[in-house]
Enquirer: 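Dropping the structure in here first, questions after.
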Amino acid sequence: MIKIKFCKKGEAHPEEVSITDEIYYYVPSSNEEGFEFNRVPKFNEPSLYLDIPATELNWLILIVPTVSGAKKVYRHQYINGLDMYMIHTKWPNGDESIIQRSRLSSDSYRHFEVSRDYDKPSWAISAVGIYNLSTDSLTSTINVTLGELLSFSDFDVDNRLKRRKTAPKR
(Lines give C-alpha, C1' and ligand atoms only; values in the text may rest on other atoms or scores of the structure.)
Protein backbone atom coordinates (compact mmCIF):
# COMPACT_ATOMS: atom_id res chain seq x y z
CA MET A 1 0.00 0.00 0.00
CA ILE A 2 1.31 3.43 -0.99
CA LYS A 3 0.82 6.20 1.59
CA ILE A 4 0.73 9.94 1.06
CA LYS A 5 0.96 12.23 4.08
CA PHE A 6 0.50 15.93 3.40
CA CYS A 7 -0.17 19.27 5.02
CA LYS A 8 -2.07 22.02 3.24
CA LYS A 9 -1.13 25.67 3.61
CA GLY A 10 -2.95 27.23 6.55
CA GLU A 11 -3.69 23.85 8.15
CA ALA A 12 -2.18 22.83 11.48
CA HIS A 13 -2.58 19.07 11.13
CA PRO A 14 -1.47 16.78 8.31
CA GLU A 15 -3.75 14.41 6.44
CA GLU A 16 -3.04 10.92 5.09
CA VAL A 17 -4.39 8.94 2.17
CA SER A 18 -3.54 5.43 1.00
CA ILE A 19 -3.41 4.14 -2.53
CA THR A 20 -4.32 0.49 -2.34
CA ASP A 21 -4.74 -0.06 -6.06
CA GLU A 22 -1.32 -0.25 -7.74
CA ILE A 23 -2.99 0.22 -11.11
CA TYR A 24 -3.77 3.77 -10.03
CA TYR A 25 -0.17 4.55 -8.94
CA TYR A 26 2.01 2.72 -11.47
CA VAL A 27 2.14 2.85 -15.24
CA PRO A 28 0.95 -0.58 -16.38
CA SER A 29 2.85 -2.50 -19.03
CA SER A 30 1.95 -5.69 -20.78
CA ASN A 31 4.12 -8.39 -22.22
CA GLU A 32 3.69 -11.89 -23.60
CA GLU A 33 3.42 -13.38 -20.10
CA GLY A 34 0.46 -11.17 -19.20
CA PHE A 35 -0.14 -7.95 -17.35
CA GLU A 36 2.47 -6.76 -14.88
CA PHE A 37 3.82 -3.49 -13.53
CA ASN A 38 7.09 -1.96 -14.60
CA ARG A 39 7.17 -0.02 -11.29
CA VAL A 40 7.23 3.43 -12.91
CA PRO A 41 4.91 5.96 -11.24
CA LYS A 42 2.27 7.55 -13.47
CA PHE A 43 3.15 11.03 -12.20
CA ASN A 44 6.52 12.63 -11.36
CA GLU A 45 4.72 15.08 -9.08
CA PRO A 46 2.90 13.24 -6.24
CA SER A 47 0.43 16.07 -5.59
CA LEU A 48 -1.29 14.95 -8.82
CA TYR A 49 -2.45 11.78 -7.04
CA LEU A 50 -4.29 14.02 -4.56
CA ASP A 51 -5.91 16.38 -7.04
CA ILE A 52 -4.50 19.20 -4.91
CA PRO A 53 -2.29 21.79 -6.62
CA ALA A 54 1.25 21.95 -5.22
CA THR A 55 0.66 25.68 -4.57
CA GLU A 56 -1.84 24.66 -1.85
CA LEU A 57 0.60 22.33 -0.03
CA ASN A 58 3.26 23.02 2.61
CA TRP A 59 4.70 19.54 2.34
CA LEU A 60 4.00 16.01 1.17
CA ILE A 61 5.56 12.67 2.11
CA LEU A 62 5.17 9.74 -0.26
CA ILE A 63 5.94 6.26 1.14
CA VAL A 64 6.29 3.56 -1.52
CA PRO A 65 6.94 -0.10 -0.67
CA THR A 66 9.49 -1.86 -2.85
CA VAL A 67 9.09 -5.35 -4.28
CA SER A 68 11.11 -6.69 -1.31
CA GLY A 69 8.77 -4.98 1.17
CA ALA A 70 11.20 -2.23 2.21
CA LYS A 71 10.09 1.40 1.88
CA LYS A 72 11.33 4.24 -0.29
CA VAL A 73 10.39 7.66 1.12
CA TYR A 74 10.04 10.90 -0.87
CA ARG A 75 9.66 14.09 1.19
CA HIS A 76 8.52 17.17 -0.78
CA GLN A 77 8.71 20.65 0.73
CA TYR A 78 6.89 23.26 -1.33
CA ILE A 79 8.23 26.79 -0.89
CA ASN A 80 6.25 28.26 -3.78
CA GLY A 81 4.38 25.36 -5.35
CA LEU A 82 6.35 23.89 -8.25
CA ASP A 83 8.20 27.18 -8.80
CA MET A 84 10.47 26.42 -5.83
CA TYR A 85 10.58 23.14 -3.95
CA MET A 86 12.81 20.45 -2.46
CA ILE A 87 12.61 16.65 -2.63
CA HIS A 88 14.42 14.55 -0.01
CA THR A 89 14.56 10.86 -0.99
CA LYS A 90 15.55 7.99 1.31
CA TRP A 91 16.25 4.60 -0.28
CA PRO A 92 15.88 1.33 1.63
CA ASN A 93 19.67 0.78 1.55
CA GLY A 94 20.31 4.01 3.49
CA ASP A 95 21.27 6.24 0.55
CA GLU A 96 19.70 9.68 0.47
CA SER A 97 19.40 12.54 -2.00
CA ILE A 98 18.12 16.08 -1.98
CA ILE A 99 16.88 17.76 -5.15
CA GLN A 100 16.27 21.49 -5.10
CA ARG A 101 14.35 22.98 -8.02
CA SER A 102 13.61 26.61 -8.84
CA ARG A 103 11.81 28.05 -11.83
CA LEU A 104 13.83 30.78 -13.51
CA SER A 105 12.38 34.03 -14.83
CA SER A 106 11.15 32.33 -17.97
CA ASP A 107 8.38 29.76 -17.61
CA SER A 108 10.35 27.42 -19.85
CA TYR A 109 13.45 26.97 -17.67
CA ARG A 110 14.02 25.35 -14.30
CA HIS A 111 17.27 25.27 -12.30
CA PHE A 112 18.00 22.13 -10.30
CA GLU A 113 20.66 20.82 -7.94
CA VAL A 114 21.01 17.23 -6.72
CA SER A 115 23.01 16.35 -3.59
CA ARG A 116 23.59 12.77 -2.43
CA ASP A 117 25.32 10.95 0.37
CA TYR A 118 26.07 7.75 -1.63
CA ASP A 119 26.66 5.83 1.61
CA LYS A 120 29.61 8.11 2.44
CA PRO A 121 30.33 10.22 5.53
CA SER A 122 29.44 13.55 3.86
CA TRP A 123 27.12 14.90 1.23
CA ALA A 124 28.22 16.13 -2.21
CA ILE A 125 26.56 17.73 -5.21
CA SER A 126 26.06 15.13 -7.92
CA ALA A 127 24.29 17.25 -10.56
CA VAL A 128 23.51 20.88 -11.31
CA GLY A 129 21.83 22.16 -14.41
CA ILE A 130 19.15 24.00 -16.31
CA TYR A 131 16.17 22.07 -17.61
CA ASN A 132 14.26 23.51 -20.59
CA LEU A 133 10.63 22.49 -20.18
CA SER A 134 9.60 23.49 -23.70
CA THR A 135 12.25 21.35 -25.46
CA ASP A 136 12.54 18.67 -22.74
CA SER A 137 16.32 19.11 -22.72
CA LEU A 138 18.93 19.38 -19.99
CA THR A 139 22.02 21.59 -19.89
CA SER A 140 24.53 20.63 -17.23
CA THR A 141 26.41 23.47 -15.58
CA ILE A 142 29.13 21.18 -14.23
CA ASN A 143 32.49 20.79 -15.95
CA VAL A 144 33.78 17.96 -13.75
CA THR A 145 33.12 14.23 -13.63
CA LEU A 146 30.74 12.60 -11.17
CA GLY A 147 33.75 10.94 -9.52
CA GLU A 148 35.40 14.32 -8.98
CA LEU A 149 32.19 15.71 -7.49
CA LEU A 150 31.70 12.79 -5.15
CA SER A 151 35.34 12.69 -3.98
CA PHE A 152 34.35 15.65 -1.77
CA SER A 153 32.06 13.36 0.23
CA ASP A 154 34.98 11.09 1.18
CA PHE A 155 36.49 13.74 3.47
CA ASP A 156 35.33 15.06 6.83
CA VAL A 157 35.68 18.62 8.14
CA ASP A 158 39.29 17.99 9.24
CA ASN A 159 40.15 16.99 5.64
CA ARG A 160 40.73 13.37 6.66
CA LEU A 161 39.63 10.53 4.43
CA LYS A 162 36.75 8.79 6.18
CA ARG A 163 34.59 5.88 5.19
CA ARG A 164 31.43 4.74 6.91
CA LYS A 165 32.47 1.92 9.22
CA THR A 166 29.12 0.20 9.57
CA ALA A 167 26.50 -0.69 7.04
CA PRO A 168 23.42 1.54 7.10
CA LYS A 169 20.33 0.19 8.79
CA ARG A 170 17.86 -1.28 6.37
Enquirer: Going by heavy atoms in the side chains, are H111 and V128 under 4.5 Å from each other?
Expert: yes

Enquirer: Can you get from Y74 to I79 by hopping between Ile, Leu, Val, Met, Phe, Trp and Tyr side chains that sit under 4.5 Å apart?
Expert: no

Enquirer: Give the cluster check for V73 versus W59: same hydrophobic cluster or not, with ILVMFWY residues linked at side-chain heavy-atom distances below 4.5 Å.
Expert: yes

Enquirer: Return the NZ to CG distance between K8 and L60, rounded to the nearest 0.5 Å.
Expert: 12.0 Å

Enquirer: Distance check, rounded to the nearest 0.5 Å: D83 atom CG versus R101 atom CZ?
Expert: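 The distance works out to 13.0 Å.
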
Enquirer: If only side-chain N and O atoms count, and only distance matters, is there a donor-acceptor pair under 3.5 Å linking T66 with S68?
Expert: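 Yes, a side-chain donor-acceptor pair sits under 3.5 Å.
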
Enquirer: Does S115 reach the side chain of E113, with side-chain heavy atoms less than 4.5 Å apart?
Expert: yes

Enquirer: Is the shortest side-chain heavy-atom distance between I2 and P65 below 4.5 Å?
Expert: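 Touching, per the 4.5 Å side-chain cut-off.
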
Enquirer: Going hydrophobic residue to hydrophobic residue with side-chain gaps under 4.5 angstrom, can you get from M84 over to I98?
Expert: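 No; tracing contacts between hydrophobic side chains, which count when under 4.5 Å, never links both residues.
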
Enquirer: Drop me the distance from K5's NZ to L62's CG, to the nearest 0.5 angstrom.
Expert: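 Reported to 0.5 Å precision, the distance equals 11.5 Å.
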
Enquirer: Would you check if V64 and K3 make a side-chain contact, meaning some heavy-atom pair closer than 4.5 Å?
Expert: no

Enquirer: Honestly curious: do M1 and I4 fall in one hydrophobic cluster under the side-chain, below-4.5 Å linking rule?
Expert: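 M1 and I4: separate clusters.
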
Enquirer: Using a 4.5 Å cut-off on heavy atoms from C-beta on, say whether the side chain of P46 contacts that of H76.
Expert: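 Yes, side chains in contact.
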
Enquirer: Is Y85 linked to I61 within one hydrophobic cluster, defined over Ile, Leu, Val, Met, Phe, Trp and Tyr using a side-chain heavy-atom separation of less than 4.5 Å?
Expert: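 Hydrophobic grouping puts Y85 apart from I61.
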
Enquirer: Which residues pass the side-chain hydrogen bond (donor to acceptor under 3.5 Å, both in side chains) test with E45, not counting sequence neighbours?
Expert: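 Per chain and number, E45 pairs via side-chain hydrogen bond (donor to acceptor under 3.5 Å, both in side chains) with S47, Y78.
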
Enquirer: List for me each residue that meets ring-ring contact (aromatic ring centres under 6.0 Å, His included) alongside Y49, sequence neighbours excluded, and say none if there are none.
Expert: Y24, Y25, F43

Enquirer: Apply side chain to side chain contact (heavy atoms under 4.5 Å, CB included) to residues Q77 and M86 and explain how you reach the verdict.
Expert: CA-CA 5 Å; Q77 181 182 24; M86 182 223 32; 3.8 Å; yes

Enquirer: So do the side chains of W91 and T89 get within less than 4.5 Å of each other, counting heavy atoms only?
Expert: yes

Enquirer: Rounded to the nearest 0.5 Å, how far does OG of S97 lie from CD1 of I99?
Expert: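 I99 CD1 to S97 OG: 5.0 Å, rounded to 0.5 Å.
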
Enquirer: Drop me the distance from N132's CG to I130's CD1, to the nearest 0.5 angstrom.
Expert: 10.0 Å

Enquirer: Within the structure provided, determine whether L50 and V17 are in side-chain contact (heavy-atom separation under 4.5 Å).
Expert: yes

Enquirer: Side-chain contact test, heavy atoms from C-beta onward, threshold under 4.5 Å: evaluate it for H88 versus E96 and give yes or no.
Expert: yes

